[in-house]
Amino acid sequence: MGLATLFEGTRAEGRAALVGYLPAGYPTVDASIELLKGMIDAGCDLVEVGVPYSDPVMDGPVIQAAAVEALGNGFRLRDVFRVVEAVSAHGGKAVVMTYWNPVHRYGVDAFSRDLAAAGGLGIITPDLIPDEAAEWMTASTEHGLDRIFLVAPSSSDERIASTVKASSGFVYATAVMGVTGARDAVGSAAAGLVARTRAHTTLPVAVGLGVRSGAQAAEVAAFADAVIVGSAFVTRAASGVDSVRELAAELAAGVRKAPTPIG
Amino acid sequence: MSPNSTAHQAEAPSPHDPDERGHFGPYGGRFMPEALIGALDELTAEYDKARLDPEFTGEFARLLRDYAGRPSLLTEAPRFAEHAGGARVFLKREDLNHTGSHKINNVLGQALLTKRMGKKRVIAETGAGQHGVATATACALMGLDCVVYMGEVDTERQALNVARMKLLGAEVIPVKSGSRTLKDAINEALRDWVTNVDTTHYLLGTAAGGHPFPLMVRNFHKVIGIEARAQILDLAGRLPDVVTACVGGGSNAIGIFHGFIDDADVRLVGIEPGGHGIESGEHGATLSEGSPGMLHGALSYLLQDEDGQTVEAYSISAGLDYPGVGPEHAWLKDTARAEYRSVTDDEAMAAFKLLSRTEGIIPAIESAHALAGALKLGQELGPEGLILVNLSGRGDKDMDTAAKYFGFYEES
């Protein structure tokens, strides 16, 4: 399994993994492929390929605008498989991050089958909780995909326990209560949430929402197994591949810094 | 029937309740971010306690009576009915409630719950502004901070309601994303909620969204149907052949339908906005033309393209142009307990003018859709027919739209 191998590798190196997000089709399908290749070349251990969606309620202005632009430029759902395939062929590792309705509409089993065939490793599901995921549990097992569910600072210990039990690959911890977007300070709730999550699982715990700099990446890397960066990459994408590579390199250096005590 | 027992009856557990995770058949549930699940659990627990608590149902009943003005009247509309194949037509007068629509029922119930949960801040979405005005009203009454999200397009076509909300002390935030209408106002309210969930209750205005909203909002509106059933038995001596109501998100319809849901001989007919006509593609007929999908937290019918992207709805009525619909309506459709059809903008506006000129009652354009549906149902039923229409709101807010539609500004 790709994700297990990935985290064995980063744990052996004594560091956190760097995970970069970019919507497929932003600004165009071909351009998004080049941007994702650049992110991988410059140090992203894993990329999250986003599915642009008409009603992204978990996303802040940056990713909303990117989704609007990608859809306006003609993104079709099947394009996500082409993007994942290109990332895999380039030697990168990819998971898909998507709101659930496009998958539901495509057919959960068909989407899983086509994603696995493209070399995708799993799906991050921001608006699908395990309680509603029976079809996805079956399809992911059938097609060998990882199920990356989210935990939040507001999750009770009971919910964390049931969510990590349904998860595989890694667990996505949302660092702050709020929508996606770069922040000056990563939520202080993040370390506590990671600790609460670890009490229930040995799966790697990745922290997302808000990271935009190497220093912040180093801070999060001190307590998480992976640092997820989204909006900051999307902002850089508007300036082209070099700008994205520069950010990836800075963040990659960040996750390799010796852990510094927090606070 | 006393208001107390009506409220108690509305909130009592029933065989029509969803399962404990909020499913009506396959529909409903919670397709929501994990970050909001804690708040939905808290709300569910509080509502489950409150609905069985005589102190809560008693206070709710008192507010409905002494503040909202319930019970609302049932009015026969004989001159209007002459255009409905001679069938008898009765109007459930939700337009006479305080703030001018059925929305006040749900708002008072949820505002009471907000206080029980110890939250001080309320957010809401609004389309036509009816729910926003009702929410601002309840927040003024109960001393709660109020923020209303409203699509920028709607703030323009419903400027009067924006002014009303501001006067009542609410902050109105125009939403500039997406189609800049109701759907996007809900998106923005959800973004606010996920950020401020500790202090804030999201006072959702229709019987949609993640569990427990479809159940709770329905129950707060069941008073409409319970009253109407007793009133029509009293005035007409029998149950109606058809109960009809407009369906956007579906809250007024689900409220009146539930008064008759166990009366197997009473047809329940929801009227959706057909906009410029189904064939034009510009409509909001979610149940008639949509397919199952998730939007705003529940599985229901949805206007979507083949990739699962939401398709923008259209209607002349700002309160009906929503591409989703409450999940219980999806279940009532699939089980054939209710029927859903659509009328166009033009048919609704003709009924709007007709009721105004035959009965001296100016309906909301939303409610005019139900009236247009009743005109057709009356033709189908003939003179023996008996039709109950939920007149969900009054039309004062729609005067600018109507004046433009009928060309009144050019005449003067």
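No hydrogens, no waters, no symmetry mates; every other heavy atom, side chains included, goes into these values. Treat the numbers as computed from the prediction; the structure is a model and nothing was measured.
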Polar side chain donor-acceptor pair, A/Asn73 to A/Thr28, under 3.5 angstrom: no

Among A/Val51, A/Asp127, A/Leu150, residue most engaged with chain B (heavy-atom pairs, under 4.5 Å): A/Asp127

Heavy-atom contact with chain B under 4.5 Å, split by part of A/Pro153: neither

Contact origin within B/Thr310 toward chain A - heavy atom pairs under 4.5 Å: both

Best-contacting candidate, B/Gly297, B/Gly38, B/Gly293, against chain A by heavy atom pairs under 4.5 angstrom: B/Gly293

Test side-chain contact (heavy atoms from CB on, under 4.5 Å) applied to A/Met97 and A/Val49, step by step: CA-CA 6 Å; A/Met97 183 162 194; A/Val49 179; over 6 Å; no

Side chain / backbone / both / neither for A/Val151 at chain B, heavy atoms under 4.5 Å: backbone

Ring pair (Phe, Tyr, Trp, His ring centres under 6.0 Å) between A/Phe81 and A/Phe111, intermediate numbers included: CA-CA 9 Å; A/Phe81 305 121; A/Phe111 191 94; 5.1 Å; yes

B/Leu302, part contacting chain A, at a heavy-atom distance under 4.5 Å: side chain

Proximity of A/Tyr172 and A/Phe149 rings by center, below 6.0 Å: no

Pair A/Glu142 + A/Arg113, salt bridge at N-O below 4.0 Å: no

Electrostatic pair A/Arg82-A/Glu85, nearest N-O below 4.0 angstrom: no

Side chain / backbone / both / neither for B/Glu312 at chain A, heavy atoms under 4.5 Å: neither

A/Ser32 side chain vs A/Gly25 backbone, donor-acceptor pair below 3.5 Å: yes

Side chain B/Lys333, main chain B/Leu287, donor-acceptor under 3.5 Å: yes

Under 4.5 Å from any heavy atom of chain A - which part of B/Ser291: side chain

Between A/Pro126, A/Ala65, A/Gly60, the one whose heavy-atom pairs under 4.5 Å with chain B are most numerous: A/Pro126

Chain B contact via A/Tyr53 - side chain, backbone, both or neither, heavy atoms under 4.5 Å: both

Heavy-atom pairs under 4.5 Å with chain B, option from A/Thr174, A/Val68, A/Thr163, A/Asp59 with the top count: A/Asp59

Contact origin within A/Ser156 toward chain B - heavy atom pairs under 4.5 Å: neither

Residue among B/Met32, B/Glu188, B/His296 with most heavy-atom pairs under 4.5 Å to chain A: B/Met32

Region of A/Arg159 in contact with chain B, defined by heavy-atom distances below 4.5 Å: side chain

Parallel, tilted or perpendicular: ring planes of B/His276 versus B/Tyr314, cut at 30 and 60 degrees: parallel

Test log, rule side-chain contact (heavy atoms from CB on, under 4.5 Å), inputs B/His201 and B/Leu43: CA-CA 9 Å; B/His201 175 61; B/Leu43 182 60; 3.7 Å; yes

B/Arg121/B/Asp192 ion pair, N-O < 4.0 Å: yes

Salt-bridge criterion met for B/Asp17 and B/Arg51 (N-O under 4.0 Å): yes

Selection from B/Val194, B/Leu295, B/Asn196, B/Asp184 maximising heavy-atom pairs under 4.5 Å formed with chain A: B/Val194

Heavy-atom proximity to chain A below 4.5 Å, by part of B/Asp305: backbone

Neighbourhood of chain B inside residues 129-141 of chain A, taking heavy atoms under 4.5 Å as contact: A/Ile129, A/Asp131, A/Glu132

B/Tyr301 and B/Tyr340 aromatic centres sub-6.0 Å: no

Electrostatic pair A/Arg76:B/Asp307 at N-O distance under 4.0 angstrom: yes

Part of B/Val197 lying under 4.5 Å from any heavy atom of chain A: side chain

